[in-house]
Structures are given as structure tokens and as C-alpha cells.
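Data block below; observations after.
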Amino acid sequence: MEQNVGGFDRTARLVGGPIVALVGILGLLQFVPVGTAVGAALLAVGLVVFGTGVTQFCLLHRLLGINTCQR
């Protein structure tokens, strides 16, 4: 897989992903009034966003021809 996520984009994913996932977990535990379905969705989105930051590969970026990785 060719890396296509870098710079500020990667940093935002590495910071924002866990925050979104945490809100999802808190929603599932009913500490945040967002509902179970929304909590599960937030958890999934947060994990995917964090994963794309770790691997530096985003399928959506590839499909759209976006590359924020400096070479």
C-alpha cells in the first residue's frame, strides 16, 4: 500500500480518532446522552480514522486521488 496520509492530516487523525472513539465509548456506557447506535457509530469511525493515521493509508484518499504525504 502506498502511503497517502501525512503531515497535518495524519496528526489530526492520530489525535481526533481516539477522541471520537472515546466519545463513542462514553455514549455506549450512557455517560454521554447520544444513544447506543450513535455511540457505536462514533466508536467505529474513531477507530477507522485512527487506523488510517497509523497506517498512513486512506482508501477514500486513494479513490479521490488525494495524497497529503510528503516525499
Side-chain angles (χ1 to χ4, degrees):
M1 290 185 302
E2 183 178 333
Q3 296 176 340
N4 61 6
V5 175
F8 179 75
D9 186 19
R10 181 175 187 220
T11 303
R13 291 168 187 257
L14 291 173
V15 173
I19 292 171
V20 173
L22 179 62
V23 172
I25 291 170
L26 292 174
L28 288 172
L29 297 174
Q30 298 180 352
F31 287 114
V32 178
V34 295
T36 305
V38 174
L42 287 174
L43 176 59
V45 168
L47 291 175
V48 168
V49 168
F50 180 72
T52 60
V54 170
T55 62
Q56 292 185 296
F57 176 77
C58 177
L59 182 60
L60 185 59
H61 273 191
R62 183 171 181 216
L63 294 174
L64 296 175
I66 300 170
N67 187 349
T68 60
C69 191
Q70 297 287 334
R71 295 213 181 222

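No hydrogens, no waters, no symmetry mates; every other heavy atom, side chains included, goes into these values.
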Only distances under 3.5 Å count here; give the side-chain donor-acceptor pairs of residues 36-47 to other protein atoms, sequence neighbours excluded, each with its distance to 0.1 Å.
none

Tell me who clusters with [X], hydrophobic residues only, linked when side chains sit under 4.5 Å apart either directly or through other members.
X: Phe57; result: Met1, Leu59, Leu63
X: Ile66; result: Leu60, Leu64
X: Phe8; result: none

- Task: Might you point out which heavy atoms bring Arg10 and Val54 nearest each other, and give the distance in Å?
- Result: NH2-O, 3.9 Å

I'd like a table of donor-acceptor pairs (distance under 3.5 Å, sequence neighbours excluded) in which one partner is a side-chain atom from residues 12-35, with atom names and distances.
residue, atom, partner, partner atom, Å
Arg13, NE, Asp9, OD1, 2.9
Arg13, NH1, Thr52, OG1, 2.7
Arg13, NH2, His61, NE2, 3.3

